[in-house]
There are 2 protein chains.
Amino acid sequence: MNIGEIARRSGVSRSTVSYALSGKRPVSDTTRRRIQAVIDELGYRPNATARALKEGRTRTIGLIIPPASQRLTDMQLGFVASVVDAAGRADLDVLLSSSGGEHDRSFERVVGGRRVDGVILMEIRLEDDRVTSLRRAGLPFVGIGRTSDPEEMSWVDIDYETLIARCVHHLADLGHRGIALVDRSAELAATGYGPSHRAHAGFLRAIAERQVEGVHTCCADDATSGVSCVERLLVEHPALTAIATINEAAVPGMYRGLEQAGLSVPRDFSIAGVAGRYLAENLHPPLTAADVPADELGAKAVELLIERIADPAASYRDLLVSPPISLRGTTGPARPRH
Amino acid sequence: MNIGEIARRSGVSRSTVSYALSGKRPVSDTTRRRIQAVIDELGYRPNATARALKEGRTRTIGLIIPPASQRLTDMQLGFVASVVDAAGRADLDVLLSSSGGEHDRSFERVVGGRRVDGVILMEIRLEDDRVTSLRRAGLPFVGIGRTSDPEEMSWVDIDYETLIARCVHHLADLGHRGIALVDRSAELAATGYGPSHRAHAGFLRAIAERQVEGVHTCCADDATSGVSCVERLLVEHPALTAIATINEAAVPGMYRGLEQAGLSVPRDFSIAGVAGRYLAENLHPPLTAADVPADELGAKAVELLIERIADPAASYRDLLVSPPISLRGTTGPARPRH
DNA sequence: TTGTAAGCGTTATCAA
DNA sequence: TTGATAACGCTTACAA
């Protein structure tokens with residue numbers, strides 16, 4: 001079932017069928033109707049592959065996620081959902097690909113084979129091989145996150161540096177004098193993960209400004225690690241009364257760790273962080289946090305990518321969000337622990 | 001940058017380059033090396049679209065998820081992750097598409113345009129229009145879930161009927177005489193969602209066998225609804241002391257609702273259900289549940305799809321899992337309320 | 001061992 | 001208003 005078959009059955013040429021479909025050339029009403037009747041009868045739909053070859057574009061974008069084996073965080077899931085959604089609204093399909101470790105074949109296939117018109121990259125490192133690949137391939141891309149030379153790409157990002165500093169200030173305002181930063185995993189931080197580095201920078205700046213005791217620690221992206229992380233912090237730092245965090249996946253574990261230590265939130269211990277709104281609202285208790293608008297960021301990433309695809313020579317654009325901290329009740333006045 | 005350019009620069013014909021790459025015809029060592037040198041120098045990779053057009057297959061599978069706007073449940077996320085993973089291992093890419101409501105354009109594009117070699121369908125209804133579309137299009141597909149005529153398709157599924165019956169028996173064994181089934185959302189159940197219907201059937205059967213009081217209720221897929229659902233149940237059914245559920249997303253809310261009612265789990269109230277293992281283990285307290293092996297099911301779905309693509313005339317295959325219930329401590333001996 | 005050429009299903013240019 | 005035809009980049013049957 002192809003355009004030739006439709007042409008034959010309607011007694012016209014293939015080009016006429018094509019034009020009847022695209023409307024790029026006038027077609028008489030009678031022939032158009034005849035053609036449409038045949039199309040409806042046979043349920044013909046143009047072959048996307050052939051069209052892509054001819055037009056030189058696939059109408060597909062690639063979305064590069066972290067290795068799928070490790071669970072996506074709530075925020076990452078929010079990005080995926082909003083990208084798929086926004087792409088769909090623009091009649092673009094989304095090719096999902098993971099990268100990292102043994103998944104690099106997939107990335108290579110998608111990028112090298114030009115299966116997509118452009119790419120959205122998640123979980124970018126300060127120095128990121130994938131960015132290098134994409135530049136070399138001349139494929140338009142947009143980062144959810146940015147490298148250390150952010151002027152040379154389009155991106156959307158969260159201003160972790162500012163947000164974590166704000167969390168510290170908020171906690172210091174409440175009288176806290178011992179504050180921990182619970183970071184993402186040590187592997188991420190070690191491989192130059194931007195949010196880790198920038199959050200750390202903001203943390204150092206703020207604790208210096210407020211002259212509070214600050215301790216920085218990494219924690220894997222899951223609840224269990226959150227528990228042990230808190231256990232360790234409580235033992236090693238008796239003066240600690242608050243946590244600022246960018247590790248949303250570990251927060252439920254932190255709650256549990258504190259509870260097991262007999263500490264009540266926010267009476268005995270405060271937590272503030274950066275998290276997807278959905279998660280922050282649905283945690284128990286709801287988390288005082290800068291609510292990352294994953295929807296907006298994902299949609300913006302698609303918008304920027306469409307722009308770059310349309311005009312690869314256009315100047316780069318970006319969006320850095322620093323949403324306000326929503327007070328939800330996990331932060332309160334400091335109270336010394338014994 | 002195409003195969004012709006490589007051929008020109010290596011002083012051979014295009015077919016020789018193609019054969020050097022595919023190995024489907026012997027190529028002398030010297031020419032092969034010359035070609036490879038040019039390829040390496042220019043970083044050439046064959047265009048996937050052209051290859052797809054020529055070969056008549058895209059090396060891509062479609063994964064149809066529920067509308068992305070509504071949050072994926074933990075189990076659904078597990079399916080997506082394992083499908084992407086398994087497809088990657090088979091050198092297949094995954095085109096993500098949502099269906100339902102305004103997303104049907106996307107489904108139509110993917111299926112009608114033959115952008116994929118086959119499709120994996122999630123959240124199937126007993127009567128499902130998408131299945132009809134796929135059959136009409138003659139596109140291989142596999143369901144994660146099955147319709148009311150499961151003999152006519154390949155699928156993997158969870159035996160909710162058996163599993164919920166087992167939950168009821170387990171609870172009845174513990175002395176519970178008032179047991180509620182907390183189902184997925186009313187919309188899903190109303191539109192003929194298989195798991196809802198089959199779980200309900202298993203529930204009715206088991207409560208009849210054990211002569212306990214059973215109450216069935218639907219609940220939206222989120223924690224907040226879980227809270228209000230439990231509140232309502234407790235008020236309306238004073239004899240209720242246990243819940244069996246297939247609604248994993250609502251479980252955290254159920255915990256909270258019980259806590260707010262002053263009931264402790266499992267001392268005062270028991271919960272057992274069907275849930276993804278990851279979630280069951282990470283809930284607090286960990287949920288006694290039949291652990292759905294999302295990894296295995298996703299991988300199997302990909303395997304069955306590859307099989308159908310290779311031989312569309314082969315007989316259908318399926319996999320129905322009924323994993324054992326893992327006791328984790330949310331079920332205990334019945335104790336009358338008040 | 002290598003080259004020539006047809007063809008996959010479209011779109012778009014050039015003619016009529 | 002419509003048709004014939006080249007072209008997109010690749011694979012492969014057929015020749016040499």
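Naming convention: chains lettered A, B, ... in sequence-line order (proteins, then strands); numbering from 1 in each chain.
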What is the distance, to the nearest angstrom, from the [atom1] atom on [X] to the [atom2] atom on [N]?
X	N	atom1	atom2	value
B/R45	D/dG9	CZ	P	17 Å
A/R115	D/dG9	CZ	P	17 Å
B/L53	C/dG9	CG	C1'	6 Å
B/M1	D/dG9	CE	P	11 Å
B/E5	D/dC8	CD	C1'	16 Å

Salt bridge [X]-[Y], side-chain N to carboxylate O under 4.0 Å:
X	Y	answer
A/R130	A/D104	no
A/R109	B/D91	yes
B/D93	A/R115	yes
B/D157	B/R146	yes
A/R105	A/E108	no

From the list [options], which nucleotide is the closest neighbour of the side chain of [X]?
X	options	answer
B/I3	C/dG3, C/dG9, D/dT11	D/dT11
A/K54	D/dC10, C/dT10, C/dC8	C/dT10
B/R14	C/dG3, D/dC10, D/dG3	D/dC10

Legend entry - Phosphate contact (C/dT11 OP1 or OP2) by A/S15 side-chain N/O below 4.0 Å: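 No, because none of the side-chain N or O atoms of A/S15 sits under 4.0 Å from OP1 or OP2 of C/dT11.
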
Inset, instruction - Look at B/N2 and D/dG9 and indicate whether a side-chain polar atom (N or O) is within less than 4.0 Å of OP1 or OP2. - result: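 Answer is yes, contact under 4.0 Å.
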
Inset, instruction - Have a look at A/G113 and say if it touches a base, only the backbone sugar-phosphate, or nothing, with a 4.0 Å heavy-atom cut-off. - result: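 Contact class for A/G113: none.
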
Legend entry - Sugar-phosphate, base or nothing in reach of B/T49, heavy atoms under 4.0 Å: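 Nothing: the residue B/T49, judged by heavy atoms under 4.0 Å, touches no strand.
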
Inset, instruction - For A/S10 and A/R34, test the side chains for any donor-to-acceptor distance below 3.5 angstrom and give the result as yes or no. - result: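 The answer is no; no qualifying pair exists.
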
Legend entry - pair B/I61-B/V119: side-chain heavy atoms closer than 4.5 Å: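 Sidechains of B/V119 and B/I61: no contact.
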
Inset, instruction - Check DNA chain C against residues 17-30 of chain A and give the residues with a non-hydrogen atom under 4.0 Å, in numerical order. - result: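 Per residue number, the list reads A/S18, A/Y19, A/K24, A/R25.
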
Inset, instruction - On DNA chain C, check which nucleotide each of A/E55 and B/R34 is closest to and give me the residue with the more 5' one. - result: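 Result of the comparison: B/R34.
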
